[in-house]
2 protein chains.
Amino acid sequence: MPWFSTTPKHDVVRRICERIWLAVVQRSLRPGARLKEEDLAEIFGATRARVRQALTALEQDGLVSLTPNRGACIAEPGVEDAQDAFSARLCIEERLVLRLCRQAGPEDIAALRDHIARERAAHQDADSEAIIRLSGEFHMLIARLADAELLSKILRMLTIRTSLITAMYQTQATQTCGPDEHERIVAAIEARDEAAAAEAMRHHLAHLESALRLDEARPPVTALREALLPPR
Amino acid sequence: MPWFSTTPKHDVVRRICERIWLAVVQRSLRPGARLKEEDLAEIFGATRARVRQALTALEQDGLVSLTPNRGACIAEPGVEDAQDAFSARLCIEERLVLRLCRQAGPEDIAALRDHIARERAAHQDADSEAIIRLSGEFHMLIARLADAELLSKILRMLTIRTSLITAMYQTQATQTCGPDEHERIVAAIEARDEAAAAEAMRHHLAHLESALRLDEARPPVTALREALLPPR
DNA sequence: GTCAACGCGATTGTCGACAATTCTGATGCG
DNA sequence: CGCATCAGAATTGTCGACAATCGCGTTGAC
């Protein structure tokens, strides 16, 4: 799971990042939640310095918001941030599938199919953690196969942001992106149909975004604090 | 100069980042150059911890390459990295100008024109540092005016990368992007001509990329080391 | 004479303690 | 009774010293 790998320093930092990310997407850590360094250090059996590294990395990825002298919170992206994130993903991922259409080899297709198979298995088992992981990693896999290191790096940042956004704004019907839409994308890539592939990706992302309720008044947990303490 | 502003912590780190960046684009620090922490600390009158923060930030931006237990070097992006970077910029900046075409107010146009005026002044004075800074900041200004925080962040990373690439691969004719092409872009935005604006931006970036010699065998300074020490 | 193994110097990585800042609750004044 | 002021506690930020690691020169054996 090369999910968090800003710098493959020591795995401790990465593990902390991943654990926090997981807690966020599973909604056990809610946006606005305070992240005390010492607590985290104790929880993960690490030193505070390590925790700090993890937090700065997570801030880079947009998962936590880091205000000087006041510590770290889980970030609270607004509606605009959400739209920006999806808009950027659209831009990037469209390009990626086009690239894959041209240069994907049989082994790439096989890798994608294999991934989808694992997604299906996870759905079968109702393994929610695996579902979340795999559905995100599918997009990262596309980036890696497209042989686009830079875009891959950018996309990682964006998927992390959108996963937070999804956790934050998703409606009750907890639908992650299912394997079927992924399948459609892969099929188009295999058929070398650039238009269809781009369209499938666009549709997939639009579907993801539409599953959120971005237009309503903010329902977040921390609305109270934000509402009552405007100066902040 | 909100050039380096990953986190507005203390300005010391930012100043270090900026100084190193400047040295790179001015070609006084060459790709592959070793960056010893202690030396940097002494040079900038900072502690090693601060230097370390700066280096990790610069690694995120792709300016330095940070290998565990072996320290930091100025990064040496390959030809593929260069193409990726320009490709990504194209993707992002096209979207940005389209957005600006729709939502740019008169004050935005004025800000852009003002910026170009400063570019012209810098050219007049042959102030190479100002020229480099301003020509990069023009693109960042577009991102900021387009009110796209996320894309702005991404673009910052990309401009840093491309500035390194430019310094690395530019031909003798040391041409940075001149004010005239910027002027064309602004004119198109002002006229609300989306197609023309996108085209102007595409042309501008293509021009920038074409001014490099990416197709030849690597001429870099460190070719020797790379050639003789393949295992590394 | 060549190669391998070893140890030393140099450099990075890590940690714990201290300093600075902010938040909380209480106190006193208006 | 409300509000500003001010300690005390809690939390983050910073630093210097120590430990781990790596590169390199030396030494020794074959």
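All values reported here derive from a predicted model rather than from experimental measurement. Each chain gets a letter, A, B and so on, in the order its sequence line appears, and its residues count up from 1.
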Nucleotide [N], atom [atom2] - distance to [atom1] of [X] in whole Å:
X	N	atom1	atom2	answer
B:E37	D:dC15	CD	P	14 Å
B:L35	C:dT12	CG	P	9 Å
B:E42	C:dT11	CD	C1'	15 Å
B:D39	C:dA10	CG	P	13 Å
B:R34	D:dG23	CZ	C1'	10 Å
B:Q53	D:dG13	CD	P	10 Å
A:E38	C:dC15	CD	C1'	14 Å

When rounded to the nearest 0.5 angstrom, what distance separates CD in A:Q103 from CG in A:D108?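 Atom-to-atom, A:Q103:CD and A:D108:CG are 8.0 Å apart.
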
Distance in Å, B:I165 CD1 paired with B:E209 CD, rounded so as to fall on 0.5 Å steps: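 Spacing of CD1 (B:I165) from CD (B:E209) equals 9.0 Å.
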
Spell out, as yes or no, whether a donor-acceptor pair under 3.5 Å connects the side chain of B:D11 to the backbone of B:R14.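 No; judged by distance alone, with no hydrogens or angles, the pair does not exist.
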
So, the side chain of A:D39 versus the backbone of A:K36: is there a donor-acceptor pair under 3.5 Å, distance only?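 Checked: no pair found.
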
Would A:R161 and A:D84 pass as an ion pair if we require N to O under 4.0 Å?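 Here A:R161 does not pair with A:D84 in a salt bridge, since their nearest N and O are not under 4.0 Å apart.
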
Give a yes or no on this: more than 12 heavy atoms of other residues, nucleotides or ligands lie within 6.0 Å of atom CD of B:E38.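 Atom CD in B:E38 is not crowded, with 12 or fewer foreign heavy atoms closer than 6.0 Å.
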
With a sphere of 6.0 Å drawn around CD of A:E42, does it hold more than 12 non-hydrogen atoms of other residues, nucleotides or ligands?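 Atom CD in A:E42 is not packed in, count stays at 12 or less.
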
Is there a side-chain contact between A:R52 and the phosphate of D:dG13, meaning an N or O under 4.0 Å from OP1 or OP2?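 So the side-chain polar atoms of A:R52 do come within 4.0 Å of the phosphate oxygens OP1 or OP2 of D:dG13, strictly under.
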
Using five base pairs at each end, measure the axis-to-axis angle across the helix from C:dG1-D:dC30 to C:dG30-D:dC1 and round it to 10 degrees.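 Roughly 0° between the end axes, to the nearest 10°.
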
Looking only at non-hydrogen atoms, find the nearest pair between B:M140 and B:T159 and report the distance.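 Between these two residues, the closest heavy atoms are SD-OG1, 4.2 Å.
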
So, B:H139 versus B:H115, ring centres under 6.0 angstrom or not?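 Between B:H139 and B:H115, the centre distance exceeds or equals 6.0 Å.
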
Summarise protein proximity over nucleotides 16-22 of chain C in one line of letters, 5' to 3': B for base, S for sugar-phosphate only, - for none, counting protein heavy atoms closer than 4.0 Å. SB---SS

